[in-house]
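The sequence lines fix the lettering, A, B, ..., with proteins before strands; numbering per chain opens at 1.
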Amino acid sequence: MEYNFREVEKKWQQYWKENKTFKTENKSEKPKYYVLDMFPYPSGAGLHVGHPLGYIASDIFARYKRLKGFNVLHPMGYDSFGLPAEQYAIQTGQHPEITTKTNIARYREQLDKIGFSFDWDREVRTSNPDYYKWTQWIFIQLFNSWYNPETNKAENIDTLIWEFEHYGNLRHPIHIEGQPVFYPNKWKSFSEKEQSDILLNYRLAFLSDTMVNWCPQLGTVLANEEVKDGVSERGGYPVERKLMKQWSMRITAYADRLLKDLDGIDWTESIKEAQRNWIGKSEGTSLRFRLTPNPSPKERGTGPGYQTAKKKMWGSLKENSRANRKTQTEAEEILWEIVRDKKLGYKIRRQHSIDQFIADFVCLEEKLIIEVDGEIHEHQQEYDEGRTYILEDIGYRVIRFTNDSVKNNIDWVTKKIIKALQSSLKQQSTSHAGTPLLWRGEGGEAFIEVFTTRPDTIFGVSFVTLAPEHDLVSVVTTSENKKAVDEYVTTAKNRSERERQADVKKITGVFTGSYVEHPFTGKQVPIWVGDYVLAGYGTGAVMAVPMHDTRDFAFANHFGIPKQMVIQPPVDWDFALNSYDDKAGKLINSDFLNGLEVKEAIKKAIAVIEEKGIGKGKTNFRLRDAIFGRQRYWGEPIPVYYENGIPKVLNENELPLLLPEVDKYLPTETGEPPLARASSSWKKDGKYEYEYSTMPGWAGSSWYYLRYMDAHNDKTFVSKEAVDYWQNVDLYIGGAEHATGHLLYVRFWTKFLNDLGLIPVIEPAKKLINQGMIQGVSAFAYRVKDTNCFISKNRIDSFLSPEELSLTGLKIQQLVVTPIHVDVNIVNNNVLNIDAFRSWREEYKDAEFILEEGKYICGSEVEKMSKSKYNVVSPDLVVQQHGADCLRLYEMFLGPLELSKPWNTNGISGVSNFIRKLWRLYHNGDNLNVSDEPATKPELKALHKTIKKIIFDIENFSFNTSVSNFMICVNELTELKCNKREILEPLAIIIAPYAPHVAEELWNQLGHKDSITYATFPECKEEYLIESAFNYPVSFNGKTRFFQEYDLSLTKEDIEKEVMTLEQTQKYLEGKTPKKIIVVHNKIVNIVI
RNA sequence: GCCCAGUUGGCGGAAUUGGUAGACGCGCUGGUCUCAAACACCAGUGAGAAAUCGUGCCGGUUCGACUCCGGCACUGGGUACCA
């Protein structure tokens, strides 16, 4: 009887389940090995043949490691929160939990049929409260942590509060650029809300106003990597930019570590490269260009109309400032001694330029100006009023004291100043919101700061470009240009993300009318606005070097801006076509950089820039903080409630915060997320509102590998013992599509948990390999336009008979055909099953066909496997027809694991035959036929050769070649008519990882009571492989011409002599004397003529 | 544009440090078995009549290159005004 795979596979799947064969303990004498698969999202479509590819490979590896004596952790679970179930719920009203459960049941059934060795006792589901309780718990840890740049680690937020209490937020690495400064004594005086707002700037999980990718159709925000080409990855709906209050994760704090630690892990180069690009570290320098002259409010058209101040050029203003400092009044000297050196707890400057004025004293942080009116000012009442008005208009408060009160009542003056300082925190101007003061240096000068990676090209700068959203745009724009700039900025801001991406090549921009001063040449450099500059990267401003930067080049050409070459390009470089961007060549036209190579010039330029104090070396990352909230129902509730507008996290004992029931899975009428529909009692302590957004899909999957180690622990997310034992994943097999999403986030959370001392590892997986995609092969039938007549592929352009033509309803043969996707399951070798097609869909019931050679031939095309293309092949069907072992072997046999390939079953019969042939080795008819006689030398050689190859192949993840090697081995043993136990027992073991069902059955029939799972993988005994002779290929000038066998004991010299005596050698020599004879022992003989 | 992967018979693919190119399987051809078909088994199968030629194309290193180096083309994937 032939091998009955249906019976045997069912039997062993049952056996494994009943005996919990693959249950793994967290303690063992054996070394540990952790094999992890990609976390599946249980979709309604079920598994297709592409999904198990990686699972089969990892299962083979896991089973191999067990045979090699390892304690193997090989778990499976479900990433069961997510959009599709929710979309389905919106359409049908069915609770996503129900859909999810059904889908999981179907997945499980499909997985079981393939015979995977998962430890199902460790199954996790991210949507189970006992799982998401810990996802919420980790969120709370993130909320309670900040990233300390000094220790380069996440720490509890308390250490930051301590810092604030003792040092304020001034100290260099703690201070965040652009944040208002406060001093030690200040922290405690802030209100709870103020403190909360400040801390949110540091927390690793934080709430902020962020530009988000808003997808109106999906009704939610999307992460950057969920948006492809301006539309949502799921569904393909348009996405727009929108400012929203959002929860985010401060992944940027880990940018450098995420980048650096890539070097230490054995992941595929393509994934590492994708992550490196996504993180996008670029080293360069910040550089400030002095703004001069500074336009007056009147010039830029935003100031009050009655402006009385003389139009002052910056230069003279600066001189006034310096002169004033030397000629202080007595009162000013007295006050200076009181306020200088932060004596009042605030940094106060004197004779400092503000806008076009010079303030006597100013505290920039608190935006407080202190004026001491001397005799001069008494004559200028009107002037002072105007000046105060302007200063207040741009966000300053001005307090005035007379010379007399300073001289005679300094205590009263001091008290007034302190009071003013303390009460003026962050007082924002109203009419000028969005146009803060220019960044000003010690001398009071104003600047535009740019970021560049090419400071060497500083002498090639021909203009400076600001992003349309840049704060300084309105400040530097002159009144003549105001209209054009305003229009441009409005258009640029309103362009949707999609338009911007589609229009990348369209160059747009506008001149502001102002200039900055070149820091070295002093020349005037025009300031432009252009949307090729991104507000969110660097400083939102660039120095444009058109000769050496492609984008600047295009911009300059488009607007006719002059260009200056500063790097000597190769001789044949054509600047009419391209800029020369390479970081190679010598500097020219560049003053002190002349003659240097680019790399040296960069160093030198940075040094000089830093020395001049106009900028400093700086690193920028492309990586953005990850938006963490989704305005959706089917996700983990964020464990946050709001008390008087202050976000607060729940206590651990209040977890899990369960997902509440809602009447509809839609946003509320007021546009709030679905959770706002929860009953009015869904409130913290019955009064405080919970956060309404839920966590994104990647929350649960960012730590699932840890939960498998200790899946049922209700005390902690993973016990210390479990994680100390299992450490991290030894082998992860997954698709490359998660390179910049999941695989980056899971690394981030791992590092964070490590910082907190909760886990001992800094990376989730030591080794990662990608499985390729299995693509679908779609089939097409060609319908003649406006008819129900289908024409066979190769008849479209051929002559039709009158009868055939009449089917098309056309008078003359002028066919227009529409290709229609046909279900691949009713097409065999491109031949359409016409009856099946007619009954496939109602509309094709009466379809007519124009055939070729009696058949209807379909067209085919390789596409993504998807339901809508009717090209999905389910593994169930293959298992039903050929068996699970056959599916496993065939998927591996298709080709290298990491390569994408279309699915076709053309070769599956070869694998099916192989299994039968293997079975026949052990059987004679219906009976087991195994002999205990000792094996012969050729039999042992066949086996051990295979053992050696299989070990090599598995350890190199070359599963396709090991299947070939099994075939070779079985062919050889069949040839040898081998039925020796000594051979067949080890053979069953080495094949067990690949074809576990048939191996178990053979093992059992050989008389073993236990599962083959924990047998011992045989060792390769080299002595059986030793050959006494080798059949040398004899080649002439490297081309093999014939073979000659020589004993391996012969020396090179012997062989050389022997070869020369051969008749065939003489024939190929054609009477010439060889120049050289190369003999490589056990390899080749090459004769050079 | 940039980054990554790939390109070998009719097809999927093999070739471990440079050493017999095309293993293994499919398909195809012929044969055995059968009334016939399927299954199974046997033989052949890169091209060419042959000399020879052949691993995307051009060049190089080497006694010898699918393999190493330089340049180019094409296919697939990722990514993008990131300064």
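Where A/Gly280 and A/Pro1033 meet RNA chain B, the nucleotide closest to each residue was compared, and A/Pro1033 sits on the side nearer the 5' end. For A/Gly910 and A/Asn1031, each mapped to the nucleotide of RNA chain B holding its nearest heavy atom, the one lying further toward the 5' end belongs to A/Asn1031.
Looking at heavy-atom distances under 4.0 Å, A/Phe1043 makes contact with a base. Here A/Val542 lies in heavy-atom contact (under 4.0 Å) with a base. Residue contacts for A/Asn620: at a heavy-atom cut-off of 4.0 Å it reaches no nucleic acid atom on any strand shown.
B/A83 atom P lies 17 Å from atom CZ of A/Phe289, rounded to whole Å. At whole-Å resolution of the value, CD1 in A/Ile915 and C1' in B/C24 are 15 Å apart. The interatomic distance linking A/Tyr537 (OH) with B/A80 (P) rounds to 14 Å, in whole Å. Distance CD (A/Glu737) to P (B/G78): 9 Å, rounded to an integer number of Å. Residue A/Gln881 contributes atom CD, which lies 17 Å from atom C1' of B/C39 at whole-angstrom precision. Remark: P of B/A23 and CD of A/Glu972 are 14 Å apart, rounded to the nearest angstrom. What separates CG of A/Leu918 from P of B/G25 is a distance of 14 Å, to the nearest Å. Rounded to whole angstrom, the span from the CH2 atom of A/Trp278 across to the P atom of B/G77 amounts to 18 Å.
Residues in residues 947-956 of chain A take part in these salt bridge (charged side-chain N to carboxylate O under 4.0 Å, His left out) pairs, two or more places apart or across chains: A/Lys948-A/Glu1022. Among residue pairs with one or both ends in residues 1075-1089 of chain A, those qualifying as side chain to side chain donor-acceptor pair (under 3.5 Å) are A/Ser1035-A/Asn1086; sequence neighbours excluded.
The distance between the ring centers of A/Phe966 and A/Tyr994 falls below 6.0 angstrom. Taking the six-membered ring wherever Trp is involved, the centroid distance between the rings of A/Phe1030 and A/Tyr1046 does not fall below 6.0 Å.
For A/Lys563 and A/Phe575, the positive end is not near the middle of the six-membered ring at less than 6.0 Å and at most 45° from its axis.
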Its contact letters, B for base, S for sugar-phosphate only and - for none at protein heavy atoms under 4.0 Å, make nucleotides 3-16 of chain B read SS-------BSSSB

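Separation of the C1' atoms belonging to B/U55 and B/A49 is 25 Å when rounded to the nearest angstrom. Across the P atoms, B/C63 and B/A50 are found 33 Å apart, a figure rounded to whole Å. Distance noted for atom C1' between B/A43 and B/U52: 27 Å (whole Å). The separation of B/C11 from B/G18, taken at their C1' atoms, amounts to 29 Å, rounded to a whole angstrom. For the P atoms, the distance linking B/A23 with B/A47 amounts to 13 Å, nearest Å. Comparing the P positions of B/C3 and B/C72 gives a spacing of 12 Å, expressed to the nearest Å. B/G22 and B/A15 have their C1' atoms separated by 9 Å, with the value rounded to a whole Å. The gap from the P atom of B/A51 to that of B/A21 amounts to 16 Å, rounded to the nearest Å.
Note on A/Arg551: a side-chain N or O is less than 4.0 Å away from OP1 or OP2 of B/C82. Between A/Asn578 and the phosphate of B/G1, there is no side-chain N or O to OP1/OP2 separation shorter than 4.0 Å.
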What's the verdict on salt bridge (charged side-chain N to carboxylate O under 4.0 Å, His left out) for A/Lys618 and A/Glu283, showing C-alpha distance, side-chain angles and the deciding distance?
CA-CA 6 Å; A/Lys618 206 174 162 186; A/Glu283 285 174 82; over 6 Å; no

Walk me through it: do A/Ser282 and A/Asn620 pass the test side chain to side chain donor-acceptor pair (under 3.5 Å)?
CA-CA 5 Å; A/Ser282 54; A/Asn620 258 312; 5.6 Å; no

List the steps and the verdict of salt bridge (charged side-chain N to carboxylate O under 4.0 Å, His left out) for A/Arg454 and A/Asp549.
CA-CA 10 Å; A/Arg454 295 295 302 272; A/Asp549 180 280; over 6 Å; no

Mind running side chain to side chain donor-acceptor pair (under 3.5 Å) on A/Thr961 and A/Ser964 for me, showing each step along the way?
CA-CA 5 Å; A/Thr961 53; A/Ser964 299; over 6 Å; no

Run the numbers on A/Arg276 and A/Glu269 for salt bridge (charged side-chain N to carboxylate O under 4.0 Å, His left out), then give the verdict.
CA-CA 10 Å; A/Arg276 284 188 193 112; A/Glu269 207 41 52; 3.2 Å; yes

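When the nucleotides B/C81, B/A83, B/C82 are ranked by their closest atom to the side chain of A/Arg622, B/C82 comes out on top.
Stem list for RNA chain B (at least 3 consecutive Watson-Crick or G-U pairs, distances under 3.5 Å): B:1-7 with B:73-79, B:10-12 with B:24-26, B:27-32 with B:40-45, B:56-60 with B:68-72.
Contacts between residues 1074-1086 of chain A and RNA chain B, defined by a heavy-atom separation under 4.0 Å, are made by A/Lys1076, A/Ile1078, A/Val1080, A/Lys1083, A/Ile1084, A/Asn1086.
Here the CD1 atom belonging to A/Ile1078 is positioned 10.0 Å from the CD1 atom belonging to A/Ile1087, to the nearest 0.5 angstrom.
More than 12 heavy atoms of other residues, nucleotides or ligands sit less than 6.0 Å from atom NZ of A/Lys901. Around the CD atom of A/Glu975, the shell of radius 6.0 Å holds no more than 12 heavy atoms that belong to other residues, nucleotides or ligands.
A/Thr946 and A/Asn965 form no side-chain donor-acceptor contact under 3.5 Å, judged by distance and modelled atom types alone.
Aromatic ring pairs are classed by plane angle as parallel below 30°, tilted from 30° to 60° and perpendicular above 60°; the pair A/Phe1036 and A/Phe1042 is tilted. Between A/Phe893 and A/Tyr890, the angle of the ring planes lies from 30° to 60°, which puts this pair in the tilted group.
For B/G9, the glycosidic angle deviates from 0 by 90° or less, giving a syn base.
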Could you write out each protein N or O paired with an N or O of nucleotides 40-50 of chain B at a distance under 3.5 Å?
from, atom 1, to, atom 2, distance (Å)
B/A40, OP1, A/Asn913, OD1, 2.6
B/A40, OP1, A/Asn913, ND2, 3.4
B/A40, OP1, A/Arg916, NH2, 3.3

